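Convention: sequence-line order gives letters A, B, ...; per-chain numbering from 1. On a predicted model such as this, the values are computed, not experimentally measured, just so you know.
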Amino acid sequence: MEPKTPDECRRILEVALLAASEPLAVGRLRRMFEVDPGAETIRRLLDELRIEWEGRGVELVQLASGWRFRTRPEFQPYLERLKEERPPKYSRAVLETLAIIAYRQPVTRGDIEDIRGVAVSPGVLRALESRGWIDVVGHRETPGRPELLATTRRFLDDLGLRSLAELPALTELERIMDLVDDQEIPQPAPPADEAHG
Amino acid sequence: MEPKTPDECRRILEVALLAASEPLAVGRLRRMFEVDPGAETIRRLLDELRIEWEGRGVELVQLASGWRFRTRPEFQPYLERLKEERPPKYSRAVLETLAIIAYRQPVTRGDIEDIRGVAVSPGVLRALESRGWIDVVGHRETPGRPELLATTRRFLDDLGLRSLAELPALTELERIMDLVDDQEIPQPAPPADEAHG
Amino acid sequence: MNDTLELAPVETAAQAAAVARLYGEPMRDLPADLYIPPDALEVMLEAFEGPLDLLLYLIRRSSVDILDIPMAPLTAQYLAYVELMRSRNLELAADYLLMAAMLLEIKSRMLLPRPQREADAEPADPRAELVRRLLDYEQMKLAAVRIDAMPHAGRDQEWVGVMVAGRLVERLPDVSLHDLQLAWLKIVRRARLQRHHTVRRDELSVREHMSGILRRLAGGAHVAFEQLFDPRLGLAGVVVSFLAVLELVKERIIEITQSEAFAPLYARLADGTEDAG
C-alpha cells in the first residue's frame, strides 16, 4: 500500500521525523517510499510540515545533516526538572585531593602527592578547578615555583559553609581511629590502588 | 514563569512526552511544574492529549511505567526502510521461554526446562536479558539457590501493556488442565486397547 | 503399520502455530510412512523444540484425544523418530531418550491392572503426568505465539523521541561535608605513621587566612601591611591573620618589604624573578 495523496505522504514524513533519533536528510526520506516522490516534493512537504507545527512546543528544523523535530528553548526549564538521574560521583582521588586542599591550604601539588603518597593526575585538579572549587592563589618560592592551591568562596557556598573553620573538626575522630588502628589493625595495608608505582 | 491555563499545561506535557526517552509516570510529570497541578489534573490533561492525537501517525499510550508517544504499526513499513538493521526475530526457544517466564513468574531455569522438556541454553536467557525483558528477582531457597526470573517493566512497555494482567488470556487448555489436576483423566481407556504392539 | 496413529491432519490452533519449516515451506504433516528425505531430517528435527513438542505434533496431527492417548501407537511412532535420529548419527539429545524411557514405562504400566488407591477412588492413570506435561507445554507454546503476534516496540512500532533543544545542564557530583570528612580520615589513616600530618581546628582558620591573603596579593599587588588585618574580626581574628602572615613569610610565599626604616610595611607575593630589580 503506497500513499497516493500529499497528505498521506506528509503524515509519513511526520511519523518518521518524530521517531528518528538523528536528523534525516531528504535523500534518506525519499527512500521510505516505494514510488519516489522526488526531492522537490519532499522538500515542499517538509516545508508544509514545518509550517503546520509552528506555534507548538516542538518545531521542525533543518540542520546541517537533515531535518529534525526539536523542542523549543522556552520549554527547557520544564524538561530540566524532569531529569532525575542520580548525580555522578567524584572518584576517591578527587575527594581526597579536595579534602587535602580544604584542610591544608594553601598547598602545592607536591604537598598533595606527599600526603596521598601517589601522583596527582592533571585530570583530578582540572575537575576541581572547572567546578570552581579550587584555584591558584600564589606560588611557593622553591625550585620550580610550584602553584599554591586553595579552596574558593564558591566551594564554601556550595557546601553551605561560612568559613573553613566550619569544616568538620577531625581531631576527636582521628584519635578514636588511632585507638582502633593501634588495637585492632596493627599494620593497615595500604589499598592496592594507592600503592607507589 | 509558571503556566496558568490548562492549555499551557497540556502543551508542556506534550513537549515532555515527545522528547522523553522513556515512559513518564504521572508523578514525574507533576514535578515539572513549580506549582503542582495534582495527579488528577495531570491525568485529565494526558487523556485530553491522547484524544487530541487520535487519528494521527503517532499515538499517546499508557504503559506499565508511564505514558509515552509511539508510532502506529501501519507506518512501520515506511520506517523499516529507514532502519539500518532489522530488529531481531526471536527463535521459538526464546519465545517459549519468554512466555513461560511471563505467565508463570517467578520461575527458575529448572522450571522452564520442566515445562519445555528440554534444556534451556544460556543464549536464550541472555537474549531476553540483553533486551531488558527479564531479570533475576531473587533466589529460590532450595539447594543451589537457583535464580528466580521474572519479566521487567520494560517488557510490558515494549508490548504496550500496563500490567501482566493485560497479557493475552491463556487458552481453553487451562480449564482442561484444571480438570486433569483435580480429577485426573476422566475416562481412561480399558487396558485391552493398549495391548496392540 | 499397525502402530502408527491415524494420520489425517487435523487443523488445530496448536498445529497452525507449531509450523515446522522445510525449505521455507510450512510442514503441516509429516509423510505418512515416516519417510523423510535424508538431508531433510536434520532440518525437520530442528523444527521440534524437544520431545514434548514432537509428541504434541504426533498427537495433534492425528485426531486422537489428548486425554485418552493410545500409548502403544504413540510410543511406537515416537521411537521410530528417535531411531531415525540415531541412524542418521544425529547427536541424540538426552531429553529425547529420557522421554522414550518414560513412554515405554507408561505403556507397560497400562498393561498391568491398576492399583486401587482407595476403595471408591478412580484408579490412577499412568498417563496422567504425561498428559499434564503435554497440555502445560502446549499452553505455553500457544502463549509464545500470541506474545510474538503482539506489536513489539522496535519491531512493529517505534518510540517517539524528539531532540531536546539546547544542552541540558550537566549534573555535577554533589559533595557533602561528610564525604570530605571521610576522604580526609582515609588520608590521615594512611599517613598516620608519619604523625606530622595531623590537623587541628585552630590551624584551619590560620590556613584560611593564608589563602585569603594570597588572594588579595594576587596579580602582584602591594598591600599595606596593616590592611592585611580586618579589625572587624576582633582580637582573635587579627591574631589568626597575623599567624597566617608569619606562616606565609616563613614558607617564603609572601614578602614583607619596607623601603626604609620606619616607612610603611608592604606585603606582596614573593617573586624572585619579576621583582628582583
Peer 1: Starting from the C-alpha separation in whole Å, work towards a yes-or-no answer on side-chain contact (heavy atoms from CB on, under 4.5 Å) for I147(C) and Y90(B).
Peer 2: CA-CA 11 Å; I147(C) 285 179; Y90(B) 289 124; over 6 Å; no
Peer 1: Between R70(B) and chain C, which part of the residue has a heavy atom less than 4.5 Å away: side chain, backbone, both or neither?
Peer 2: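 Both backbone and side chain of R70(B) come within 4.5 Å of chain C.
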Peer 1: Just how far is it from atom CD of Q139(C) to atom CD1 of I115(B), taken to the nearest 0.5 Å?
Peer 2: 9.0 Å
Peer 1: Mind checking whether E74(B) and D156(C) have side chains closer than 4.5 Å, heavy atoms only?
Peer 2: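 No, side chains not in contact.
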Peer 1: Among R133(C), M99(C), E129(C), which residue forms the greatest number of heavy-atom pairs with chain B at distances under 4.5 Å?
Peer 2: R133(C)
Peer 1: Applying ring-ring contact (aromatic ring centres under 6.0 Å, His included), which residue pairs with at least one partner in residues 125-158 of chain C are found, sequence neighbours left out?
Peer 2: W133(B)-H152(C)
Peer 1: Go through E22(B), R68(B), E80(B) and name the one with the most non-hydrogen pairs under 4.5 angstrom from chain C.
Peer 2: R68(B)
Peer 1: List the atom of G117(B), the atom of D95(C), and the distance in Å for their closest heavy-atom pair.
Peer 2: O-CB, 3.5 Å
Peer 1: Can you tell me how far apart CD (E158(C)) and CG (L82(B)) are? Round to the nearest 0.5 Å.
Peer 2: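 Nearest 0.5 Å value for the CD-CG distance: 9.5 Å.
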Peer 1: Closest approach of F69(B) and W159(C), non-hydrogen atoms and distance?
Peer 2: O-CE3, 3.7 Å
Peer 1: Is there a side-chain contact between R155(C) and R86(B) (heavy atoms, below 4.5 Å)?
Peer 2: no
Peer 1: Hey, does E49(C) have a side-chain heavy atom less than 4.5 Å from the side chain of R116(B)?
Peer 2: yes
Peer 1: Among the options L18(B), L17(B), D157(B), pick out the one with the most heavy-atom pairs lying under 4.5 Å from chain C.
Peer 2: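 The residue among L18(B), L17(B), D157(B) with the greatest pair count is L18(B).
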Peer 1: For M150(C), is it the side chain, the backbone, both, or neither that has a heavy atom closer than 4.5 Å to a heavy atom of chain B?
Peer 2: side chain
Peer 1: Quick one: do K141(C) and E96(B) satisfy side-chain contact (heavy atoms from CB on, under 4.5 Å)? Show the steps, please.
Peer 2: CA-CA 6 Å; K141(C) 198 169 117 168; E96(B) 288 179 10; 3.4 Å; yes
Peer 1: Mind listing the closest non-hydrogen atom pair of V118(B) and G50(C) along with its distance?
Peer 2: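 Nearest heavy atoms, V118(B) then G50(C): CG1-CA, 3.3 Å.
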Peer 1: Do L159(B) and P151(C) have side-chain heavy atoms sitting under 4.5 Å apart?
Peer 2: no
Peer 1: Quick one: do R92(B) and D53(C) make a salt bridge, cutoff under 4.0 Å?
Peer 2: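 Result for this pair is yes, salt bridge flagged.
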Peer 1: Need one label for R154(B): side chain, backbone, both or neither, based on atoms under 4.5 Å from any heavy atom in chain C.
Peer 2: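 Contact with chain C: none, neither part.
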Peer 1: Is a donor on one side and an acceptor on the other found under 3.5 Å between the side chain of T71(B) and the backbone of Q157(C)?
Peer 2: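 No, the answer is negative, given that no donor and acceptor are paired below the 3.5 Å cut-off.
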Peer 1: Would R146(C) and L170(B) count as a side-chain contact (heavy atoms from CB on, under 4.5 Å) if you check the C-alpha gap in whole Å, the side-chain angles of each, and the deciding distance to 0.1 Å?
Peer 2: CA-CA 9 Å; R146(C) 292 206 188 168; L170(B) 290 174; over 6 Å; no
Peer 1: Side chain, backbone, both or neither: which part of A20(B) has an atom under 4.5 Å from a heavy atom of chain C?
Peer 2: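 The answer is the backbone of A20(B).
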Peer 1: Can you say whether A102(B) sits under 4.5 Å from chain C via the side chain, the backbone, both, or neither, judging by heavy atoms?
Peer 2: side chain
Peer 1: At under 4.5 Å between heavy atoms, what parts of residues 37-63 of chain B are in contact with chain C? List them by residue number.
Peer 2: V58(B), E59(B), L63(B)
Peer 1: Output, in order, the C-alpha distance, side-chain angles, deciding distance and verdict of side-chain contact (heavy atoms from CB on, under 4.5 Å) for R104(B) and D136(C).
Peer 2: CA-CA 11 Å; R104(B) 299 282 163 85; D136(C) 207 12; 2.8 Å; yes
